[in-house]
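For reference, the structure is listed below as structure tokens.
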Amino acid sequence: MDTRHRVKRFWQYFMQVEESIRKALRTSDEDAIKEWRRELNEWGRQLYDGGIELEVQDDFYELTFHGGANKSKQYICALLKKDAPKQLVDHWIINAFRQPLSQSALHAQVRIADAIYQGSDFIVYYEVDKDAKCIHTQIYSEALLKQKEAQALTIVYAMLELFIGEVELEARIGDVTILDAPKPDAQNFCLLPNFYEDICDMIVDEGWIEYREPCAIYAVYKLDDNLVSETVRSDMIMVMGTNPQLLEELWNHEQDSCQEAVRFGAQYGYLYYEITQQNEQIAFVRQQLEQEVQELLYPLSLARVIGGAIGTQYAYIDLIVFDPDEFATVMQKLNAHLSFPLYYQPFHA
């Protein structure tokens, strides 16, 4: 079953049980809440191999689809939020990614041996990298002192995600270093629960782009003009995208992300057309077409634009397709109205 229909099936199920879930939350029925969380997480596992978090915050019931740093999962989480039934808005806050300073963060605890540590037990020292437009951090906590480096970093990234949210973790955080002792002479530091507020101030002070979702964080790559050929996808000189891991895999002739998307009922691929415009118009035409494709396909939950490329012979629009069969039908109809042919090719064989 394709991703679009899996998402539809989830919301049909949720609409049948959401009143019972609200009752369990409203009455603090812990046994029932535990069972509903287990049930929802099973749906999350089937939909995108991730979690679904359930909580109450500020008198609103909150449902969070959590895909972590994995882009394939993030795209599906965003689709789940987009396709949430409109009647839920009266009672529910629907999140496509983990928010900063959620109830999960405020109650987060790390148990090491017989000791329990909370967010306020972590000190964040930070430095703004103006060139890279990111924040380099050093973290100190007694909770990390007896941990191996890999385990300590796992704990730190988990705590950062809880307190600053997925968007700022992905968009702002550069190097993360674990400290053996506090830094007595440091100027820029705070306790972890205060770090999100400091990041917001830095975004304003530095004039950085504000992102509303992790799927909107773009990376741009300039490729070596001397290595290109005239064949499709081998002529690229400029590439941009929201899924750097996918791009890296494609360059290395690997298929992990593509195979994962298929497992979730989706497909990575690209639209392409032959460039006939003058140099100054190439980027503009591709950008306009990308916007039109997004505005056509995403409201229908058929596909989402995730980037693209400009080559010497062709221009490209990269997609994750949520319903390959219906997508093919719509693209056939679209081509009937275009002044030039637009072709589609999946990334995987």
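For reference, positions follow the sequence shown, starting with 1.
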Ring center gap for [X] and [Y] short of 6.0 angstrom:
X	Y	value
Y140	F189	no
Y196	F163	no
F195	Y126	yes

(message) When you measure from the centre of the six-membered ring of Y298, is the NZ or CZ of R304 closer than 6.0 Å and no more than 45° off the axis?
(response)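 The answer is yes, since R304 meets both limits relative to Y298.
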(message) On the six-membered ring of Y316, is R233 placed so that its NZ or CZ lies under 6.0 angstrom from the centre and within 45° of the ring axis?
(response)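 Yes; both conditions hold, so R233 lies above the ring face of Y316.
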Pair [X], [Y]: side-chain N/O donor-acceptor within cut-off below 3.5 Å:
X	Y	answer
Q74	E170	yes
K82	S301	yes
Y75	T242	yes
Q46	E42	yes
Y344	Q267	yes
Q288	E292	no

Is there a side-chain contact between [X] and [Y], using heavy atoms and a 4.5 Å cut-off?
X	Y	value
L63	L88	no
L179	Y125	yes
I135	W208	yes
L40	F14	yes
E62	N95	yes

(message) Evaluate I209 against Y218 for side-chain contact (heavy atoms from CB on, under 4.5 Å), listing each step before the verdict.
(response) CA-CA 11 Å; I209 297 173; Y218 266 82; over 6 Å; no
Backbone N or O of [Y] within a donor-acceptor pair of the [X] side chain at under 3.5 Å?
X	Y	result
N41	I52	yes
S234	S229	no
R22	Y61	no

(message) Tell me whether K23 is salt-bridged to E19, with the criterion being a basic N under 4.0 Å from an acidic carboxylate O.
(response)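 Salt bridge flag = no for E19 with K23.
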(request) Starting from the C-alpha separation in whole Å, work towards a yes-or-no answer on ring-ring contact (aromatic ring centres under 6.0 Å, His included) for F65 and F10. (result) CA-CA 12 Å; F65 301 103; F10 168 78; 5.8 Å; yes
(request) Calculate, to the nearest 0.5 Å, the distance between atoms CD and CG belonging to Q255 and L246 respectively. (result)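 One gets 9.5 Å once the value is rounded to the nearest 0.5 Å.
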(message) E249 vs Q245, test: side-chain hydrogen bond (donor to acceptor under 3.5 Å, both in side chains). Steps then yes/no.
(response) CA-CA 6 Å; E249 289 174 7; Q245 181 177 344; 3.1 Å; yes
